[in-house]
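As the structure lists them, so they are numbered: ligands from 1, and atoms in each ligand from 1.
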Amino acid sequence: MKQEKDILIIGGGPIGIACALECKKRNLDYVVLEKGALTNSLFNYPLNMSFFSTSEKLEIDHIPFISTNPKPNRNEALEYYRRVATSNTLAINLYEEVLSITKASDVFLVNSNKQEYRAKKVVIATGFYDLPKLLNVPGEDLPKVSHYYKEAHPYTLQNVIIVGASNSAVDAALEIWQKGGHVTMVVRGEAIGERVKYWVRPNIINRIKEGSIKAYFNSEISEIKDQEVIIKTPDGTEKINNDFVLALTGYQPNFSFIKNANIKFTEDERHLPIYNEVSMETNIEGLYLAGVICGGKETHKWFIENSRIHAERIANHINQTLTE
Ligand SMILES: Cc1cc2nc3c(=O)[nH]c(=O)nc-3n(C[C@H](O)[C@H](O)[C@H](O)COP(=O)(O)OP(=O)(O)OC[C@H]3O[C@@H](n4cnc5c(N)ncnc54)[C@H](O)[C@@H]3O)c2cc1C
């Protein structure tokens, strides 16, 4: 039997939870469908990561986020969003993945891996952390290659290549080096990323200068083999011994999921979904986007700090249109 709901919120990340809070405040009939654990992306972050935002900037619905650190860490954020969700008894179905969204006249038919829903409005807040940007080189599917980094311990005394030069890559490089791993960074550009946290950037630059961490700039991996990796550098091809590759080159939204819902995108390489900036409604009436997914391929554009406002905009618009 089909479940009937006024509003389906897809994704139980910080912004999906913020949307649920705003719906609850307005007594709207909603449910959040989350394919993994609560705040699944944050759950999968490196164990020792800290946010670049202060805790107040990660708060939703003005609920205080108390941290004793200048920047909160993953565990504190998990604790915060969990307490917000549970103490407000938000309606959230975990481990329920949405597979498709179809609009039939003025109702949405939504299929999950567990059941079918009919909904008047749908909010997509699915983030971008599930799909890594691939290197597309031979050997990328070897078990020693990962696109996610969790903690340093497995890499102690190992030859580790880290691909990328953004926050994730730099944090992993420093942590693994501190725990006794032999780290080589392979960086496509000519320097460590400009957006790397300002208090971390000098550290990595100095470790590279002193030779503690080796880095190849303007370089790319061309092949990954069981015990070595081939790197194309400006000075020719290098073959280096290798035990593990961490390809931390970023992530991207699930474009086919949103395309299948008939949401339109800009036709340039940014692939920005088209939506109304006041209501967050897409070209499909009643279908909204919230959170970091709004940035398309520009995944640095939206984050919790500046996208938490989407929740209120969407709930206001839904409230107004449901009662018209
Ligand atoms: C390492 C790292 C550090 C960061 N630090 C900061 C920071 O300091 N400050 C800041 O503001 N931002 C930061 N960000 C960005 C921000 O934390 C994340 O992008 C944030 O999680 C975005 O929230 P969201 O709710 O839009 O998306 P997400 O948190 O990614 O939530 C999306 C949810 O949707 C679920 N989902 C996906 N597809 C489906 C489906 N088909 N069906 C059901 N559920 C689905 C996912 O499992 C996930 O739980 C950081 C990001 C990273 C990667």
Side-chain angles (χ1 to χ4, degrees), residues 8-21 31-60 65 67 69-74 76-78 80-81 85 92-101 110-114 117 122-133 147-150 164 166-172 175 195-197 200 248-258 260-261 280 288-295 298-311 314:
L8 285 186
I9 300 165
I10 307 173
I15 307 306
I17 295 175
C19 291
L21 282 169
V31 67
V32 178
L33 304 180
E34 163 56 54
K35 72 175 193 177
L38 190 66
T39 56
N40 204 46
S41 302
L42 276 61
F43 175 69
N44 286 316
Y45 285 177
L47 294 184
N48 299 316
M49 68 82 74
S50 41
F51 284 81
F52 53 78
S53 307
T54 55
S55 59
E56 314 88 82
K57 300 253 170 83
L58 300 176
E59 286 170 359
I60 47 178
F65 180 171
S67 166
N69 296 307
K71 314 278 176 172
N73 60 39
R74 165 189 175 273
E76 288 176 307
L78 288 180
Y80 171 71
Y81 294 113
I92 303 181
N93 294 356
L94 296 176
Y95 305 103
E96 181 164 358
E97 180 173 5
V98 172
L99 306 174
S100 66
I101 307 165
V110 175
N111 272 303
S112 80
N113 59 348
K114 295 194 174 161
Y117 295 84
V122 174
V123 182
I124 303 180
T126 48
F128 59 66
Y129 202 59
D130 295 318
L131 291 183
K133 288 184 193 157
H147 298 86
Y148 294 90
Y149 167 70
K150 203 72 196 170
S166 63
N167 275 303
S168 306
V170 167
D171 284 350
E175 204 174 68
R195 278 192 286 266
V196 169
K197 293 170 272 198
V200 175
L248 304 178
T249 47
Y251 305 91
Q252 58 186 336
N254 186 340
F255 287 112
S256 57
F257 178 70
I258 34 186
N260 288 341
M280 307 305 294
Y288 299 80
L289 287 178
V292 298
I293 195 174
C294 296
E298 292 194 319
T299 48
H300 58 274
K301 191 169 169 183
W302 293 104
F303 31 100
I304 302 171
E305 257 193 69
N306 63 0
S307 71
R308 53 190 177 166
I309 180 82
H310 296 167
I314 292 170

**Report entry** Part of A125 with heavy atoms under 4.0 Å of ligand 1, whether side chain, backbone, both or neither
**Finding:** backbone
Query - Closest to atom 28 (P) of ligand 1 (judged by heavy-atom distance), picking from G250, S50, S41 - result: S41
**Report entry** Top protein contact for atom 39 (C) of ligand 1, by heavy-atom distance
**Finding:** T126 CG2, 3.6 Å
Report summary line: Note: ligand 1 atoms sitting under 4.0 Å from heavy atoms of Y129 are 53 (C)
Report summary line: Closest to atom 15 (C) of ligand 1 among protein heavy atoms sits F303 CB, 4.0 Å
Query raised in the report: Do the rings of H310 and W302 sit parallel, tilted or perpendicular, given the 30° and 60° boundaries?
Result: perpendicular
Report task. Tell me which protein heavy atom sits closest to atom 17 (O) of ligand 1, plus the residue, atom name and distance to 0.1 Å. Result -> Y45 OH, 3.1 Å
Report task. Would you confirm whether R74, through its side chain, and F43, through its main-chain N or O, come within 3.5 Å as a donor-acceptor pair? Result -> yes
Report task. Look at atom 29 (O) of ligand 1 and say which protein heavy atom is nearest, naming residue and atom and giving the distance to 0.1 Å. Result -> P14 CD, 3.3 Å
**Report entry** Value rounded to 0.5 Å, distance of CD1 in I314 from CD1 in I309
**Finding:** 10.5 Å
**Report entry** Element-labelled atoms of ligand 1 that are located less than 4.0 Å from some non-hydrogen atom of V292
**Finding:** 19 (O), 22 (C), 26 (O), 27 (O)
Query raised in the report: Does D171 have any side-chain hydrogen bond (donor to acceptor under 3.5 Å, both in side chains) partners at least two apart in sequence or in another chain, and if so, which?
Result: K197
Query raised in the report: Considering only the protein, which heavy-atom contact is closest to atom 8 (O) of ligand 1, and what is its distance?
Result: F52 N, 2.6 Å
Query - Between E76 and N69, a side-chain donor and acceptor under 3.5 Å - result: yes
Requested in this report: With heavy atoms of D130 as the reference, note each atom of ligand 1 found under 4.0 Å away.
Outcome: 37 (C), 38 (N), 46 (C)
Query raised in the report: Quick one: which ligand 1 atoms are inside 4.0 Å of a heavy atom on G13?
Result: 25 (O), 29 (O), 31 (O), 33 (C)
Query raised in the report: Side chain or backbone of I10 under 4.0 Å from ligand 1, or both, or neither, by non-hydrogen atoms?
Result: side chain
**Report entry** Under 3.5 Å: donor-acceptor pair, side chain of N111, backbone of S100
**Finding:** no
Query - Residue portion contacting ligand 1 (non-hydrogen atoms closer than 4.0 Å) for L42 - result: side chain
Query raised in the report: Should you measure from each heavy atom of G291, which atoms of ligand 1 turn up under 4.0 Å away?
Result: 26 (O)
Query raised in the report: Any sub-3.5 Å donor-acceptor pair from N44's side-chain atoms to S41's backbone N or O?
Result: no
Report task. Answer yes or no: does an N/O atom from E305 fall short of 3.5 Å to an N/O atom of ligand 1? Result -> yes
Report summary line: So for M49 against ligand 1, with non-hydrogen atoms under 4.0 Å, the contacting part is side chain
Query raised in the report: Could a heavy atom of L58 be found less than 4.0 Å from some atom of ligand 1?
Result: yes
Query raised in the report: Hey, does the side chain of T249 reach the backbone of K133 with a donor-acceptor pair shorter than 3.5 angstrom?
Result: yes
Query raised in the report: Between the main-chain N or O of F65 and the side-chain N or O of S55, is there a donor-acceptor pair closer than 3.5 Å?
Result: yes
Query raised in the report: Does K71 reach ligand 1, in the sense of a heavy atom lying below 4.0 Å from it?
Result: no
**Report entry** Polar side-chain atom of R308 near backbone of E59 as donor-acceptor pair, under 3.5 Å
**Finding:** yes
Query raised in the report: Is a side-chain donor-acceptor pair under 3.5 Å present for Y149 with E175?
Result: yes
Report task. Provide, to 0.1 Å, the distance between atom 10 (C) of ligand 1 and the closest protein heavy atom, together with that atom's residue and name. Result -> S53 OG, 3.4 Å
Query raised in the report: Does T39, backbone or side chain, put an N or O under 3.5 Å from an N or O of ligand 1?
Result: no
Query raised in the report: Backbone or side chain, does any N or O of S168 fall under 3.5 Å from an N or O of ligand 1?
Result: no
Query raised in the report: ligand 1 and I15, any nitrogen or oxygen pair closer than 3.5 angstrom?
Result: yes
Requested in this report: Would you mind telling me if ligand 1 is within reach of the side chain of L33, the backbone, both or neither, using heavy atoms under 4.0 Å?
Outcome: backbone
Query raised in the report: Parallel, tilted or perpendicular for Y129 and Y251, by the 30°/60° rule?
Result: tilted
Query raised in the report: Do any N or O atoms from the side chain of K57 and from the backbone of F52 form a donor-acceptor pair under 3.5 angstrom?
Result: no
Query raised in the report: Short list, please: which atoms of ligand 1 are under 4.0 Å from a heavy atom of E96?
Result: 43 (C)
Query raised in the report: Between CG of N93 and CG of L33, what distance do you get to the nearest 0.5 Å?
Result: 5.5 Å
Query raised in the report: Passes side-chain contact (heavy atoms from CB on, under 4.5 Å), K150 versus Y45? Steps please.
Result: CA-CA 7 Å; K150 203 72 196 170; Y45 285 177; 5.9 Å; no
Report task. State whether the side chain of N167 and the backbone N or O of R195 hold a donor-acceptor pair below 3.5 Å, judged by distance alone. Result -> yes
Report task. Starting from atom 20 (C) of ligand 1, locate the nearest protein heavy atom and write down its residue, its atom name and how far away it is, to 0.1 Å. Result -> I304 CG1, 3.7 Å
Query raised in the report: Backbone N or O of G12 within a donor-acceptor pair of the E34 side chain at under 3.5 Å?
Result: yes
Query raised in the report: Is V98 in polar range of ligand 1, meaning some N or O pair under 3.5 Å apart?
Result: yes
**Report entry** atom 49 (O) of ligand 1 [closest protein heavy-atom partner, distance rounded to 0.1 Å]
**Finding:** E34 OE1, 2.6 Å
Report task. Please work out whether any backbone atom (N, CA, C, O) or any side-chain heavy atom from C-beta onward of Y251 is under 4.0 Å from ligand 1, and answer side chain, backbone, both or neither. Result -> neither
Query raised in the report: With only distance considered, is E97 within less than 3.5 Å of ligand 1 through an N or O on each side?
Result: no
